[in-house]
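Remember, it's a predicted structure, so these values are computed and weren't measured experimentally.
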Amino acid sequence: MSPAPGRPRPPRRRDRHGRGLRGPLAPSHVPIAKSRSERFDDLVLDAVDRLKPRWSSQLAAVEFAIEEVPPLSELGDGPGFLSGEPIPFGRSEPAVGKRPAVVIVYRRPLEARARDRDQLGALVHDTVVEQIAGLLGLSPESVDPGYEEDT
């Protein structure tokens with residue numbers, strides 16, 4: 001039964017099928033409750049935490065960000081785009097004026113490249129190491145002795 005024209009509809013007292021309100025499928029403290037992007041954020045934070053004991057003073061002035069995909073300006077276009085230029089996994093921007101240095105990691109290209117969660121973690125770590133090495137003007141092997149070129 002619908003309300004008379006001009007009268008507001010009364011609030012619903014229960015859901016349509018009488019089952020009550022549904023809650024979350026998993027408690028918030030278990031890993032399955034996290035979204036894919038939240039799990040990726042954790043991988044980036046873990047990679048940074050692994051480097052902090054050795055590089056804490058240099059990393060204190062660096063901000064870390066995650067973007068879904070690289071901007072079109074980094075991808076290029078035309079025939080060169082299809083000729084084998086790899087899609088970047090991240091980029092770094094040095095500090096300018098009062099703006100701190102930034103390391104940006106691209107989630108989608110890394111997830112597309114990884115076969116499983118372990119390989120994704122290794123790719124994220126190598127990407128963070130490469131970007132920090134670029135900011136510091138060092139080789140990735142000197143930033144993290146466990147860095148491996150062929151992940």
Checklist entry - Under a single-linkage definition using a 4.5 Å side-chain heavy-atom cutoff for Ile, Leu, Val, Met, Phe, Trp and Tyr, are L138 and L135 assigned to the same hydrophobic cluster? => result yes

Checklist entry - If every non-hydrogen atom of Q131 is compared with every non-hydrogen atom of G90, which pair is closest and at what distance? => result NE2-O, 3.5 Å

Item to check | Separation of I66 CD1 from L45 CG (nearest 0.5 Å) | outcome: 6.5 Å

Checklist entry - Can you tell me how far CG of L51 sits from CD of Q58, rounded to the nearest 0.5 angstrom? => result 11.0 Å

Next on the checklist: Using side-chain heavy atoms (C-beta onward) and a distance below 4.5 Å, is V128 in contact with R50?
Outcome noted: no

Next on the checklist: Around atom CZ of R36, are there more than 12 heavy atoms from other residues, nucleotides or ligands closer than 6.0 Å?
Outcome noted: no

Checklist outcome for this item: Heavy-atom nearest pair, P145 first then R54, reads CD-NH1, 3.3 Å

Item to check | Connected via hydrophobic side-chain network under 4.5 Å: F40 and V69 | outcome: no

Item to check | Nonpolar side-chain network containing V96, other nodes, edges under 4.5 Å | outcome: none

Item to check | Flag side-chain contact, heavy atom, 4.5 Å: H125 against D46 | outcome: no

Checklist entry - Any side-chain heavy atom of Y147 sitting closer than 4.5 Å to one from D126? => result yes

Next on the checklist: Quick check: closest heavy atoms across P140 and E130, and the distance to 0.1 Å?
Outcome noted: CG-CG, 4.3 Å

Checklist entry - Taking only residues two or more places apart in sequence or in another chain, which ones pass salt bridge (Lys or Arg N to Asp or Glu O under 4.0 Å) with E67? => result R91

Item to check | Closest approach of V62 to V103 (non-hydrogen atoms, all atoms of both residues) | outcome: CG1-CG2, 3.8 Å

Item to check | Hydrophobic cluster of V102, others only, ordered by chain and residue number, side-chain cut-off 4.5 Å | outcome: I104, Y106

Checklist entry - Looking only at heavy atoms, what is the nearest atom pair of E63 and P100, with distance? => result OE2-CG, 3.4 Å

Item to check | Intermediate values then yes/no, side chain to side chain contact (heavy atoms under 4.5 Å, CB included), L43 and R117 | outcome: CA-CA 10 Å; L43 290 175; R117 183 168 166 78; 4.2 Å; yes

Checklist outcome for this item: In terms of heavy-atom contacts, W55 and V143 come closest through NE1-O, 2.8 Å

